[in-house]
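Reviewing the structure listed below.
The chains referred to below are lettered A, B, ... by the order of the sequence lines, with proteins before strands, and numbering in each begins at 1.
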Protein chains: 2
Amino acid sequence: MAKNFIYLCEMLLSPSQENYLKAIYKLEAREGIATNQALAALVEATPASVTNMLRKLTDAGFAEYEAYQGATLTAAGRNEAVTLVRKHRLWEVFLVEKLQYDWDAVHALAEELEHIGGDELINRLDAFLDHPAYDPHGDPIPNAKGVVRTRQHAIAASDAKEGDVFVVCGVRDSSSLFLQHLDKLNIALGKAYTLKECLEFDRSAVWVEQEGALTNVSNEVAKNVLIQLTDE
Amino acid sequence: MAKNFIYLCEMLLSPSQENYLKAIYKLEAREGIATNQALAALVEATPASVTNMLRKLTDAGFAEYEAYQGATLTAAGRNEAVTLVRKHRLWEVFLVEKLQYDWDAVHALAEELEHIGGDELINRLDAFLDHPAYDPHGDPIPNAKGVVRTRQHAIAASDAKEGDVFVVCGVRDSSSLFLQHLDKLNIALGKAYTLKECLEFDRSAVWVEQEGALTNVSNEVAKNVLIQLTDE
DNA sequence: GCCTTTTTTTAGTCATGGCTAAAAATTTTA
DNA sequence: TAAAATTTTTAGCCATGACTAAAAAAAGGC
Ligand SMILES: [Mn+2]
Ligand SMILES: [Mn+2]
Ligand SMILES: [Mn+2]
Ligand SMILES: [Mn+2]
């Protein structure tokens with residue numbers, strides 16, 4: 001009977017398991033492999049809990065994992081993770097576009113909403129939102145087939161040279177603190193700037209908006225802002 | 001530290017606890033008190049599990065409960081329950097109005113969505129949906145203050161007399177099976193009919209639409225359809 | 001008013017997903 | 001390469017919310 005149930009449900013994952021898969025996915029993309037410690041930090045649990053969960057995910061066929069080495073996702077696991085990322089980002093779009101939330105306030109809610117429902121719900125939401133390509137933080141939204149369109153030519157703003165013209169297209173740090181700081185600097189996705197000068201002393205920079213307004217950007221901020229260089 | 005946490009969180013309830021509160025609320029409205037057995041049926045658990053949970057809810061101050069007697073809600077518990085009902089019904093409106101779900105397919109999803117977020121989210125959703133007064137099944141949506149506007153003058157269709165003119169305004173049974181049956185009969189909320197005749201043999205009735213179409217309605221169906229009588 | 005049936009509670013168990021503290025393995029440093 | 005530091009695993013514990021089976025209480029029938 002239990003086995004029957006599993007069969008019928010196509011092996012459904014708990015919210016906690018889903019969070020782990022998403023965390024492995026992120027770390028794998030960033031570092032190639034997900035270490036126990038990094039996972040513990042991402043899912044906000046102890047290393048002991050991570051070991052425990054990794055065993056379960058491995059047994060269930062979603063992750064591969066060698067003791068002391070770290071974890072990677074199987075094809076099935078990657079599939080789940082990409083779907084989760086899709087759900088998370090679509091809900092973020094919904095919260096910002098439709099419910100008028102600020103971009104720094106949606107992450108926690110999306111973290112809950114992403115665990116609800118299946119393909120039907122998320123595809124309807126996707127259609128309702130007109131198949132958005134990016135979430136409110138500029139991160140690309142995987143499509144229904146699980147294909148992730150990677151952002152073209154994005155570099156960190158800290159790598160721009162004097163005279164460069166660019167458009168802000170994303171952030172490296174999606175924390176509320178950083179996003180609110182960008183709000184204070186009046187920096188938002190889609191805005192165009194010219195890099196007027198780089199100050200050698202603290203590597204801070206002066207950006208000039210097309211309307212002429214000046215913004216002072218610390219190197220710490222610039223490293224976490226993603227931009228696309230414009231032709232001219 | 002644990003106590004501190006509780007204090008900061010204003011005592012937050014688990015999804016399971018919330019489902020129990022909602023179930024007690026419903027039974028209390030229907031029967032005056034929620035018996036162990038009825039609760040077990042509603043939350044789909046065993047009576048033993050119910051006893052267990054009732055003790056917790058009582059200790060936490062959300063329910064009152066005397067062994068062998070049944071449970072009722074405290075003011076705090078009723079508050080939570082009404083908020084849950086509000087959340088459930090608003091999400092149902094969203095799913096039907098915005099995501100084009102059929103009215104028979106939204107209950108299970110709303111059952112999950114209702115546990116997410118707090119007042120902020122639900123009030124924004126409410127505003128986005130233009131403060132709807134009723135959910136897709138004709139059930140009234142409590143407002144942000146927890147006031148439930150009760151449906152005026154609604155009676156079961158089985159209580160209508162020959163010659164009565166009425167509008168369908170709700171259902172007693174929100175099961176997928178029943179709602180799909182109404183779809184097949186072409187009966188929907190807001191539609192107006194005249195009761196042409198009641199057949200003595202099986203207490204079934206013939207309804208006539210304003211456009212002249214006839215619908216044969218069994219007594220079993222009529223008992224589960226709510227209507228408002230129209231003047232003329 | 002007793003006896004049977006139904007309802008509820010108790011007792012004991014289990015799975016999940018956390019935790020801590022200690023042991024073991026790995027990596028870094030000297 | 002041996003000692004120190006770090007990382008990971010193990011062992012044991014806990015809370016939650018289920019379950020079953022048995023005992024106890026309440027309600028009905030005659
Ligand atoms: Mn999540
Ligand atoms: Mn995002
Ligand atoms: Mn629910
Ligand atoms: Mn409803």
Side-chain angles (χ1 to χ4, degrees), chain A residues 1-6 9 11-24 27-28 31-72 80 84 111-112 115, chain B residues 1-6 9 11-24 27-28 31-72 80 84 111-112 115:
Chain A
M1 187 56 202
K3 193 161 186 190
N4 215 357
F5 181 80
I6 296 298
C9 293
M11 180 57 81
L12 59 127
L13 296 152
S14 70
S16 183
Q17 292 175 318
E18 292 186 337
N19 287 337
Y20 275 88
L21 289 183
K22 231 179 35 166
I24 300 170
L27 291 171
E28 214 181 329
E31 332 262 326
I33 196 164
T35 67
N36 190 303
Q37 206 176 35
L39 274 172
L42 256 196
V43 302
E44 302 185 277
T46 59
S49 302
V50 172
T51 301
N52 195 41
M53 183 61 93
L54 284 181
R55 229 189 298 280
K56 274 188 275 195
L57 292 173
T58 299
D59 291 349
F62 293 102
E64 258 152 37
Y65 154 70
E66 195 107 17
Y68 293 99
Q69 292 312 113
T72 53
E80 291 294 329
L84 255 327
E111 200 59 50
E112 300 184 56
H115 304 292
Chain B
M1 187 58 201
K3 193 162 187 188
N4 215 358
F5 181 79
I6 296 299
C9 293
M11 181 56 81
L12 60 129
L13 296 153
S14 69
S16 184
Q17 291 174 318
E18 292 187 336
N19 286 337
Y20 275 88
L21 288 184
K22 229 178 37 165
I24 299 170
L27 291 170
E28 213 181 330
E31 332 261 324
I33 197 164
T35 66
N36 190 300
Q37 207 176 36
L39 274 173
L42 255 196
V43 302
E44 301 184 278
T46 58
S49 303
V50 172
T51 301
N52 195 41
M53 183 60 93
L54 284 181
R55 227 189 300 278
K56 273 187 276 194
L57 291 173
T58 299
D59 292 349
F62 293 103
E64 258 151 36
Y65 155 71
E66 194 106 19
Y68 294 100
Q69 292 312 112
T72 52
E80 289 294 330
L84 254 329
E111 201 58 50
E112 302 183 56
H115 304 292

Would you list the atom pairs, donor with acceptor, under 3.5 Å between side chains in residues 50-59 of chain A and any protein atom, with sequence neighbours excluded?
from	atom 1	to	atom 2	distance (Å)
A:T51	OG1	A:N36	ND2	2.9
A:T51	OG1	A:P47	O	3.2
A:T58	OG1	A:L54	O	2.8

Please report the shortest heavy-atom distance between [X] and [Y], naming the atom on each side.
X     : Y     : value
A:V43 : A:A23 : CG1-CB, 3.7 Å
A:L27 : A:A34 : CB-CB, 3.8 Å
B:Y20 : B:L39 : O-CD2, 4.3 Å
B:A63 : B:I24 : CB-CD1, 4.4 Å
B:T46 : B:A40 : C-CB, 4.0 Å

Interface residues of residues 54-61 of chain B with DNA chain C (non-hydrogen, below 4.0 angstrom): B:R55
Contact residues, residues 38-53 of chain B to DNA chain C [heavy atom, < 4.0 Å]: B:P47, B:A48, B:T51
Heavy-atom side-chain proximity of B:K22 to B:L42 below 4.5 angstrom: no
Partners passing salt bridge (Lys or Arg N to Asp or Glu O under 4.0 Å) against A:E112 (at least two apart in sequence or in another chain): none
Do any N or O atoms of the protein come closer than 3.5 Å to N or O atoms of nucleotides 23-27 of chain D, and which pairs are they?
from	atom 1	to	atom 2	distance (Å)
D:dA25	O4'	B:Y68	OH	3.3

Side-chain N,O (A:Y65) to OP1/OP2 (D:dT8) below 4.0 Å: no
Boundaries of the chain B footprint along DNA chain C (any atom under 4.0 Å from a heavy atom): C:dT7 to C:dT10
Interatomic distance, A:F62 atom CZ to A:L13 atom CG [nearest 0.5 angstrom]: 4.5 Å
Distance (rounded to the nearest 0.5 Å) between A:T72 OG1 and A:Q69 CD: 11.0 Å
